[in-house]
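Order of the sequence lines sets the chain letters (A, B, ...), proteins ahead of strands, with each chain counted from 1.
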Number of protein chains: 2
Amino acid sequence: MPTDAPTPSRVRASDELRQVALEQFSTIGFAASSLQHIADQAGYSKSSVLYHYSSKEALLEAAIGPAIDALEALLGDFVASGRSVEARAEFIERFVDFLLGNRLAVHTFVNQGQSLPGVPVIERANTAIRGLADSICEADAPLSEQMRFGVALAGAAYTLVAGATFLEQGRRAEADDADVRAALISVLSELLIPADGRTTR
Amino acid sequence: MPTDAPTPSRVRASDELRQVALEQFSTIGFAASSLQHIADQAGYSKSSVLYHYSSKEALLEAAIGPAIDALEALLGDFVASGRSVEARAEFIERFVDFLLGNRLAVHTFVNQGQSLPGVPVIERANTAIRGLADSICEADAPLSEQMRFGVALAGAAYTLVAGATFLEQGRRAEADDADVRAALISVLSELLIPADGRTTR
DNA sequence: TCAGAGTCTGACCGATCGGTCAAGTAGGCT
DNA sequence: AGCCTACTTGACCGATCGGTCAGACTCTGA
């Protein structure tokens with residue numbers, strides 16, 4: 001079956017491996033994840049992994065690349081739409097949706113972004129994150145303003161991806177994604193929307 | 001020199017190794033840090049590292065244990081002091097000071113807390129973090145309230161430790177610690193102080 | 001002078017790492 | 001039938017991992 005059509009019979013091996021790898025990378029870390037372990041978990045041999053992905057790094061690229069693409073697109077749209085309150089509001093909503101839809105990938109490159117120097121896909125992620133910080137907040141803004149943005153973005157990302165893993169583990173089975181989305185958008189709006197001058201409060 | 005007195009002549013080898021290890025653990029991660037690399041960086045042999053610390057795990061314990069002790073103490077004082085506005089305000093200040101004084105250690109166990117299951121000192125850190133979240137916010141609080149606390153604490157920690165490493169890298173040489181402290185306390189107060197009822201706004 | 005504790009090191013161990021390679025299998029095409 | 005492509009695998013490689021161990025080099029106190 002050389003075409004990339006539905007192939008309804010079975011899950012593509014490469015997809016399966018990519019998913020298992022993403023879970024490993026996000027939970028125990030890229031460095032601690034071994035190809036052998038990933039292969040075992042997915043029910044293949046290590047050689048098969050290296051057949052579908054030419055290296056461990058290529059596997060990482062396949063696992064988190066799409067999420068970084070999405071983040072870059074999100075960022076591009078935001079800088080193109082200006083800094084109006086409406087643009088900020090829409091950005092916040094899309095950002096939260098991005099986080100919710102890419103928890104594992106975000107967890108991976110947020111938590112290990114500084115730990116893996118020289119890996120191209122990680123550099124791309126770091127550049128995107130830096131661009132995010134730069135675009136939402138002018139460099140000449142007061143420090144407390146910058147801090148507000150940093151806390152909002154990092155806090156949102158970390159609360160969702162890591163908080164979901166161990167902060168709320170146990171005491172909250174799993175909150176409805178819609179509820180989480182609404183709550184997160186509310187908190188982020190509170191921090192980011194007034195933006196200049198702190199009109200409220 | 002069997003006593004633990006000043007020993008002014010030279011830095012204690014074990015201290016030097018602990019510091020180098022902490023830097024490695026926090027920047028490239030525990031799993032990716034090798035005893036060989038740590039030893040090279042500190043100017044010792046791998047055997048010397050294993051003389052002073054019986055295992056890689058013991059080295060991790062020595063590197064981040066004191067910070068976890070401080071966090072536990074901070075947490076204990078806070079739960080003992082009640083939830084009044086004054087207690088919260090003091091807690092925020094002490095929490096920020098804790099973050100500022102233990103950047104590398106916090107970076108290590110915040111970012112890798114879920115990646116290193118079974119390591120006692122990490123379990124201790126995770127328990128402390130969970131206790132922190134539980135104590136500052138009742139379990140029956142509305143989701144948006146919980147989210148606010150999560151964003152505040154995680155955002156503050158991440159902004160300081162990781163943000164300092166790569167978010168602001170380059171465009172801000174190094175902000176005065178006092179300024180950072182003030183800005184961070186301001187943002188956290190805004191998020192956490194009203195606490196119940198959201199009287200403002 | 002000798003004994004002994006404290007420190008440092010190289011040689012070495014088994015295990016595992018990421019990665020290569022040749023062989024083998026199964027299915028579709030002519 | 002034959003061939004080709006896609007896929008899977010075990011054997012194997014050099015490097016590196018955490019860790020052990022037996023020496024060797026101080027320095028101190030008797």
dT8(D), OP1 or OP2 - any side-chain N/O from H52(A) closer than 4.0 Å? yes
Short side-chain N/O contact from Y51(B) to OP1 or OP2 of dT7(C), under 4.0 Å: yes
Kindly write out the residues that satisfy side-chain hydrogen bond (donor to acceptor under 3.5 Å, both in side chains) with E93(B), not counting sequence neighbours, or none if the list is empty. R181(B)
For the residue pair R18(A) and D15(A), establish whether any side-chain heavy-atom pair is separated by less than 4.5 Å. yes
Less than 4.5 Å apart, side chain to side chain, heavy atoms only: is that true for Q114(A) and N111(B)? yes
Between S48(A) and dC7(D), is there a contact of a side-chain N or O with OP1 or OP2 at under 4.0 Å? no
Any pair with a residue in residues 116-125 of chain B that passes side chain to side chain donor-acceptor pair (under 3.5 Å), sequence neighbours left out, goes on the list, sorted by first then second residue, please. D69(B)-R124(B), E72(B)-R124(B)
Quick one: pull up OH in Y53(B) and OG in S48(B) and give me the separation to the nearest 0.5 Å. 12.0 Å
How bent is the helix from dT1(C)-dA30(D) to dT30(C)-dA1(D), measuring the angle between the end axes built from five pairs each, rounded to 10°? 20°
Contacts of E57(B) that satisfy side-chain hydrogen bond (donor to acceptor under 3.5 Å, both in side chains) - sequence neighbours left out: none
Atom CG of D40(B) to atom P of dG10(C): distance rounded to whole Å? 10 Å
For the pair made of OH in Y44(B) and P in dT9(C), what is the distance, rounded to whole Å? 8 Å
Separation of dC8(C) atom C1' from E16(B) atom CD, nearest Å, is 14 Å
The criterion is ring pair (Phe, Tyr, Trp, His ring centres under 6.0 Å); which residues satisfy it with F91(A), sequence neighbours excluded? F78(A), F95(A)
Any chance you could list the contact pattern along nucleotides 17-23 of chain C? Use B for base contacts, S for sugar-phosphate-only contacts and - for none, protein heavy atoms under 4.0 Å, 5' to 3'. SBBB---
Taking all non-hydrogen atoms of both residues into account, name the closest pair between V121(A) and I68(A) and its distance. O-CD1, 3.4 Å
